[in-house]
Structure formats: structure tokens, C-alpha cells
Amino acid sequence: PSGLTSLGQDTFENSGLESITLPANYQVAKVSSDIYAFKGCTSLKTVVLPATLKILPNQFFNGCTSLTTVKLIDANGNIIGNDNEALLPTGLTEIGSSTFNSTAITKFIFPDTLATLGSSAFSKSAVKEVVLPGTITKFNSGIFLGCTALEKVVFGDAITDMSAAGTMFKECTALNSVTLPANATKLGNEMFYGCTALTKIDLPDSLTHLGKMTFACSGLIEVKIPAGVTELSYKTGLKDSGHSLTSSTNPISSTTGAYT
């Protein structure tokens, strides 16, 4: 109904819905509201969201394994967007935990208002390429974990501290191209763990911290360590695969031996 402003928890969970249009005035007060609303709707293929929606709740579409399309509806009832992609609301600020986990969406279009990504928000989805806006200030773990079709990632330059982005791309085995933020200072633990197709990555000069096992079991062949990173532990994951490491200016100290 057009007057609908909220959904309850588990409202359509595990139902046989194939499509759903939420009215233009539907809103979510917080990320924990309306959780599991469409969880496990394995026949759901198309969703139409309000263009003004600001929050997508935790596990909203978790396990919707047939979901390929997300479009928007404006205040005049116009439907905006294309098939086989997810056009997210233009004022969206937060995506909850496991919101799009295991969906069949191959492309997400993120708004420049997005600030927070919940843990496992897109994990095990079919996404192939990701362009993240520089407005994101809060990361959580496992955001794209296990996205085996993901090949390319581009970060907005305004993003700096990604120390909380642990396992962000863990086991993304097709990932071969990553453009990190130009001003990044920290990378999370196991951020690129198991990214076997990733043979090269350019680390920004602003980088000062690598997390534990950041590149462990990846396909990296050679990486240049910025001058700001003056100490490495074997726990970065750079030693165990026999990577060739070079430093831009400063010598790299270690308590565990050589890194060649």
C-alpha cells in the first residue's frame, strides 16, 4: 500500500515473492529496524526501493539468491534504473550487515552519500566490479568476503583508515585489479587474504600500517612498500609466499628475517 512506512521483522522471510515495490514514503529509522524482512526469499528477482531511503537494514535481502535487479521509485511514482544492476537510493547513508549476502547482483551503483558499510554486506554475492565513493568513513569486516566473481575494485581517494576492514576481500579469487585510496593510511587484517589472482598492487605513499595477514595466500609477486611503513611482521602475509619487497626510501626492519 502507498501509505506503508515500515515493515516488521521477518515480514516476508522465506516467502515465494518474485518482486516487490516499496512505496516512496517507506523509511527505516535505524539499521536494526525491519531486519530479515526478505531474508531467504530465493525466488525474489526484482526490488524497487524509495529513492529517498537512507538506511538499508541488516540482512534485508540476505540469501535472496535470485535477486539481480534493484530499481528506485521517486515521489512521482517514476521507476528509475536498469535490469541486472542495483541502483541504490541517492541519499543512502548506511548499508547493514549481510544486507545483500549471497544475492545474484553483478553491479552495484553506490551514491556519494554512503558513509557506513556493515559486516558481510555483500559477501558471497555475484558482484563483478566495485567503485566505492570517498564518502565512506566506517568499514566493517568481511564486506565482500567470498565474492568469487569480483575482478575489480576502485576506492574513492578521500578514504583513509581501513584498519577495521578486516577480511574485506578475503577469498575473492578472481580479484586482479585494486585501486586503493590515494590517502589511505591503514589496511585491515586479512583484507586481501586468498586473493590468488591479485599479482600486483600499488600501495599509496600515505600508508603507515599493514594489518595482520593482509596479503596472505594472495598472488602478489612484487610490492613496493611506502616509506611510512618502517616495520613489517611475518603476519602481514608478505613473507610466506616468497614475495619480492622493496622500500621507497626507508629500510624495512623485521624481527623474523628477510622478505625475499
Exercise. Do the side-chain N and O atoms of D161 and T185 include a donor-acceptor pair separated by under 3.5 angstrom?
Worked result: no
Problem set entry | Check: S141/S119 side-chain N/O donor and acceptor closer than 3.5 Å | no
Exercise. Is there a path of hydrophobic side-chain contacts, each under 4.5 Å between heavy atoms of I, L, V, M, F, W or Y residues, that connects M191 with F139?
Worked result: yes
For this session: Please check if the side chain of T99 supplies one atom and the backbone of P57 the other of a donor-acceptor pair under 3.5 Å.
Result: yes
For this session: Inspect the surroundings of NZ in K71 and state if more than 12 heavy atoms from other residues, nucleotides or ligands are less than 6.0 Å away.
Result: yes
Problem set entry | Note, S98 side chain near S120 side chain (heavy atom, < 4.5 Å) | yes
Problem set entry | Path from L44 to L53 over hydrophobic side-chain contacts below 4.5 Å | yes
Problem set entry | Closest approach of N58 to S32 (non-hydrogen atoms, all atoms of both residues) | ND2-CA, 4.2 Å
Problem set entry | Backbone of G166 reached by a side-chain donor or acceptor of N189 within 3.5 Å | no
Problem set entry | Within-4.5 Å side-chain heavy-atom neighbours: V127 and T106 | no
Seminar exercise, completed: In short, P111 meets P89 closest at the heavy-atom pair CG-O, 3.2 Å
For this session: Kindly indicate, with the supporting measurements, whether the criterion side-chain contact (heavy atoms from CB on, under 4.5 Å) is fulfilled by L49 and L72.
Result: CA-CA 5 Å; L49 299 174; L72 303 178; 4.2 Å; yes
Exercise. Do you know the tightest heavy-atom contact between A158 and G134?
Worked result: CB-O, 3.4 Å
Problem set entry | From CD1 (I143) to OG1 (T167), nearest 0.5 Å | 8.5 Å
Exercise. Would you call the rings of F192 and F169 parallel, tilted or perpendicular if under 30° counts as parallel and over 60° as perpendicular?
Worked result: parallel
Exercise. Once you round to the nearest 0.5 Å, how far does CG of D112 lie from OG1 of T90?
Worked result: 10.5 Å
Exercise. By side chain to side chain donor-acceptor pair (under 3.5 Å), which residues pair with E18, not counting sequence neighbours?
Worked result: none
For this session: Could you check if a side-chain atom of Q27 sits within less than 4.5 angstrom of a side-chain atom of T52, using non-hydrogen atoms only?
Result: yes
For this session: Using a 4.5 Å cut-off on heavy atoms from C-beta on, say whether the side chain of T93 contacts that of I55.
Result: yes
Problem set entry | Minimum heavy-atom distance N183-S206, with the two atoms named | C-OG, 3.0 Å
Seminar exercise, completed: d(K200 NZ, N176 CG) to nearest 0.5 Å is 12.5 Å
Exercise. Does S43 offer a backbone N or O that forms a donor-acceptor pair with the side chain of S66 under 3.5 Å?
Worked result: no
Exercise. Looking only at heavy atoms, what is the nearest atom pair of L175 and C195, with distance?
Worked result: CD2-SG, 4.1 Å
Exercise. Hey, any chance I20 and I73 share a hydrophobic cluster, counting ILVMFWY side chains that come within less than 4.5 Å of each other, even indirectly?
Worked result: no
Problem set entry | Heavy-atom side-chain proximity of I105 to F122 below 4.5 angstrom | no
Exercise. Any donor-acceptor pair under 3.5 Å linking the side chain of E129 with the backbone of V154?
Worked result: no
Problem set entry | 4.5 Å side-chain heavy-atom contact, L207 and P226 | yes
For this session: Determine yes or no for a side-chain-to-main-chain donor-acceptor pair under 3.5 angstrom, with D74 supplying the side chain and N76 the backbone.
Result: yes
Exercise. Mind checking whether I79 and I109 sit in one hydrophobic cluster, side chains of I, L, V, M, F, W, Y counted as touching below 4.5 Å?
Worked result: no
For this session: Give a yes or no answer on whether the side chain of S123 reaches the backbone of S102 with a donor-acceptor pair at less than 3.5 Å.
Result: no
For this session: Look at atom NZ of K124 and say whether more than 12 heavy atoms of other residues, nucleotides or ligands are closer to it than 6.0 Å.
Result: no
Exercise. Which residue pairs pass the ring-ring contact (aromatic ring centres under 6.0 Å, His included) test with at least one member in residues 55-96, sequence neighbours excluded?
Worked result: F38-F60, F38-F61, F61-F100
Problem set entry | Residue pair I95 / L114: nearest heavy atoms and the distance that separates them | CG1-CD1, 4.0 Å
Problem set entry | Rounded distance (nearest 0.5 Å) linking atom CG of L92 with atom CG of L56 | 5.0 Å
For this session: Nearest 0.5 Å please: distance from the CD1 atom of I35 over to the OG1 atom of T11.
Result: 10.5 Å
Exercise. Transitively linked via ILVMFWY side-chain contacts under 4.5 Å: L150 with I136?
Worked result: yes
Exercise. Within the distance-only criterion (no hydrogens, no angle test), does the side chain of T69 pair as donor or acceptor with the backbone N or O of N84 below 3.5 angstrom?
Worked result: yes
For this session: Flag the pair F110 / L132 as yes when at least one side-chain heavy-atom distance between them is below 4.5 Å, and no otherwise.
Result: yes
For this session: Give the intermediate values and the outcome of side-chain contact (heavy atoms from CB on, under 4.5 Å) for residues V223 and I201.
Result: CA-CA 7 Å; V223 61; I201 190 169; 4.2 Å; yes
For this session: Look up atom CG in D157 and atom OG1 in T179, then write down how far apart they are to the nearest 0.5 Å.
Result: 9.0 Å
Problem set entry | Student check: side-chain heavy atoms of V229 and L203 closer than 4.5 Å | no
